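Structure first, then comments.
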Amino acid sequence: MWRGRAGALPAAIGALCRALPPGSRPAPETFRLAKFDRPEASLQIWRLLYSLLKQIHDGGWTELDTIGTQIRFVKSVLWYHGYGRPEFYQLPSDGSQGSRELLLAFSWLLNRISLLEQLLTVNRVKIRDEASVCTIHSYTSGCHMDQTIGHFSVTETDLIRQPDSYKQLLQSLESETSRLEAFLEWKQLEPVYWHWMETVLDTLSEDANTFKSEDVCKEKNTLPNANLCCHIASNIIGEIDKLTKDLVTLHDGLHELVTCKKSAWHEKVKSRERTLPDEREFCAAVRTITEAVKLKLSDLKYHCAHKKNGMHGPYRLVFKDKRSASKTGFLSSVSKEPITNVVNATEVISKLQMEEATLKRELKRLQEECRHKLDEIAEGLVGVICIPPMKR
């Protein structure tokens with residue numbers, strides 16, 4: 001259905017490139033070169049994958065890293081996400097070849113981890129206060145059009161102080177808008193891209209069959225004559241007989257050694273059992289500790305499950321004075337609907353501090369119990385010196 005639309009594929013690849021971050025956009029021609037495994041496209045796609053994956057997993061990227069470092073990073077991230085094609089991991093570390101394998105890996109990331117969606121989320125323009133509260137808020141109280149918020153954010157306050165700075169914000173918003181528009185265009189033309197990727201796989205299979213046929217022809221042309229084969233076979237049989245005798249001798253020696261070691265080990269175990277505490281007492285102590293840990297875990301899970309539903313996702317930070325803090329607190333989003341789900345920062349901090357203190361006391365108690373048990377066990381070990389970890 002898509003073959004008749006000659007301009008659909010360039011439009012799809014163009015939208016895909018425009019949906020990528022500005023500093024990481026490849027030329028659409030790179031995809032065509034990669035389909036035919038052209039080496040001049042390999043280095044470009046390696047750098048593309050490095051820059052995109054760095055933005056998702058490491059918060060940024062730099063061109064100062066060598067190509068070998070970039071390739072190792074990309075391979076490790078692909079391995080982490082479960083990409084299992086061995087041909088990809090066998091590509092050379094100088095980036096000189098393998099553009100078609102890299103195209104397959106890039107397309108796999110598009111589908112498997114929603115690469116474009118993650119990049120749009122990571123690189124979105126942030127105009128709200130979602131990281132820290134700034135006391136500039138008290139000076140703009142009552143100025144915001146949305147009375148549920150009541151004050152300006154840091155970005156809004158900066159725009160008022162320095163009106164000229166809106167140009168940079170406007171450029172960032174326009175860039176993000178263009179990427180979102182390209183993403184929407186890409187989603188409409190995405191089937192065209194995947195149909196084209198089928199032809200890439202077909203080309204890959206044809207090349208593999210060609211290489212296989214050439215290898216078979218070379219093997220037929222280099223077969224030795226019958227007499228030489230018989231001579232080689234007789235030599236191999238002699239070597240096998242010799243190796244068999246050596247293996248039998250080695251097996252007998254190992255069997256004798258294992259028997260001696262096993263008897264010595266049993267004697268050590270018996271002597272240790274006499275010095276260790278009663279097994280029933282030890283098992284009872286282990287069960288007690290296990291039940292205590294399970295109880296604490298179930299209690300923690302219960303508290304986590306019964307937290308407010310609003311404790312999820314990003315929050316817009318809103319400054320409120322003491323008189324209104326108990327009523328409003330932090331607002332999760334700007335909405336004209338009545339606010340029913342709010343979180344007060346002071347209450348959350350106090351509760352978390354109490355939970356932290358409780359968990360620290362429980363951890364200290366369990367560490368002491370484990371230390372005593374380890375001391376008892378260490379006393380029964382002959383010829384072993386146990387050095388306990390340093391107390392913090």
Side-chain angles (χ1 to χ4, degrees), residues 53-54 56-60 69 72-73 75-82 113 118 122 129-133 258 261-315 317 325-326 329-330 332 341-392:
L53 295 176
K54 267 285 186 177
I56 294 176
H57 290 276
D58 204 20
T69 302
R72 286 193 297 271
F73 175 80
K75 287 183 177 180
S76 63
V77 174
L78 266 293
W79 179 263
Y80 167 78
H81 285 294
I113 69 171
Q118 290 198 48
V122 169
D129 302 340
E130 297 178 355
S132 62
V133 178
V258 169
K261 291 291 184 181
K262 183 182 286 188
S263 60
W265 172 254
H266 284 304
E267 291 297 330
K268 285 187 178 181
V269 170
K270 290 181 181 179
S271 62
R272 180 184 172 187
E273 288 177 350
R274 290 192 293 269
T275 59
L276 288 176
D278 183 68
E279 181 181 359
R280 290 176 295 180
E281 179 183 354
F282 179 76
C283 293
V286 171
R287 284 196 299 270
T288 303
I289 296 174
T290 304
E291 291 173 359
V293 172
K294 287 182 179 179
L295 182 62
K296 291 296 180 182
L297 287 176
S298 62
D299 184 63
L300 183 60
K301 289 180 180 179
Y302 174 82
H303 286 295
C304 292
H306 287 75
K307 285 187 180 292
K308 295 182 179 180
N309 294 331
M311 297 288 289
H312 179 72
Y315 275 70
L317 304 184
S326 60
F330 283 13
S332 61
N341 187 16
V342 296
V343 180
N344 186 278
T346 305
E347 296 177 358
V348 173
I349 293 173
S350 177
K351 188 173 182 180
L352 290 176
Q353 288 175 343
M354 294 174 60
E355 292 182 359
E356 180 186 16
T358 302
L359 292 174
K360 283 184 177 179
R361 289 194 299 269
E362 183 64 19
L363 177 62
K364 185 176 180 181
R365 186 183 67 80
L366 293 175
Q367 286 176 339
E368 291 296 331
E369 291 184 4
C370 292
R371 187 176 293 108
H372 290 313
K373 292 298 179 182
L374 290 174
D375 291 341
E376 294 177 1
I377 294 175
E379 292 177 357
L381 299 177
V382 180
V384 178
I385 300 177
C386 294
I387 303 176
M390 296 178 62
K391 294 183 179 181
R392 296 183 178 179

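Note that this is a predicted model, so its numbers are computed, not measured.
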Distance (rounded to the nearest 0.5 Å) between [X] [atom1] and [Y] [atom2]:
X      : Y      : atom1 : atom2 : result
Glu368 : Leu363 : CD    : CG    : 10.5 Å
Lys351 : Ile349 : NZ    : CD1   : 14.0 Å
Gln118 : Leu53  : CD    : CG    : 9.5 Å
Arg365 : Arg361 : CZ    : CZ    : 11.5 Å
Lys360 : Gln367 : NZ    : CD    : 12.0 Å

Can you name the nearest heavy-atom pair linking His81 to Ile113, along with the distance?
-> ND1-CG2, 3.6 Å

Go through the steps for Glu356 and Leu359 under the test side-chain contact (heavy atoms from CB on, under 4.5 Å), then give the verdict.
-> CA-CA 5 Å; Glu356 180 186 16; Leu359 292 174; 6.0 Å; no

With sequence neighbours excluded, tell me which residues meet side chain to side chain donor-acceptor pair (under 3.5 Å) with Gln353.
-> none

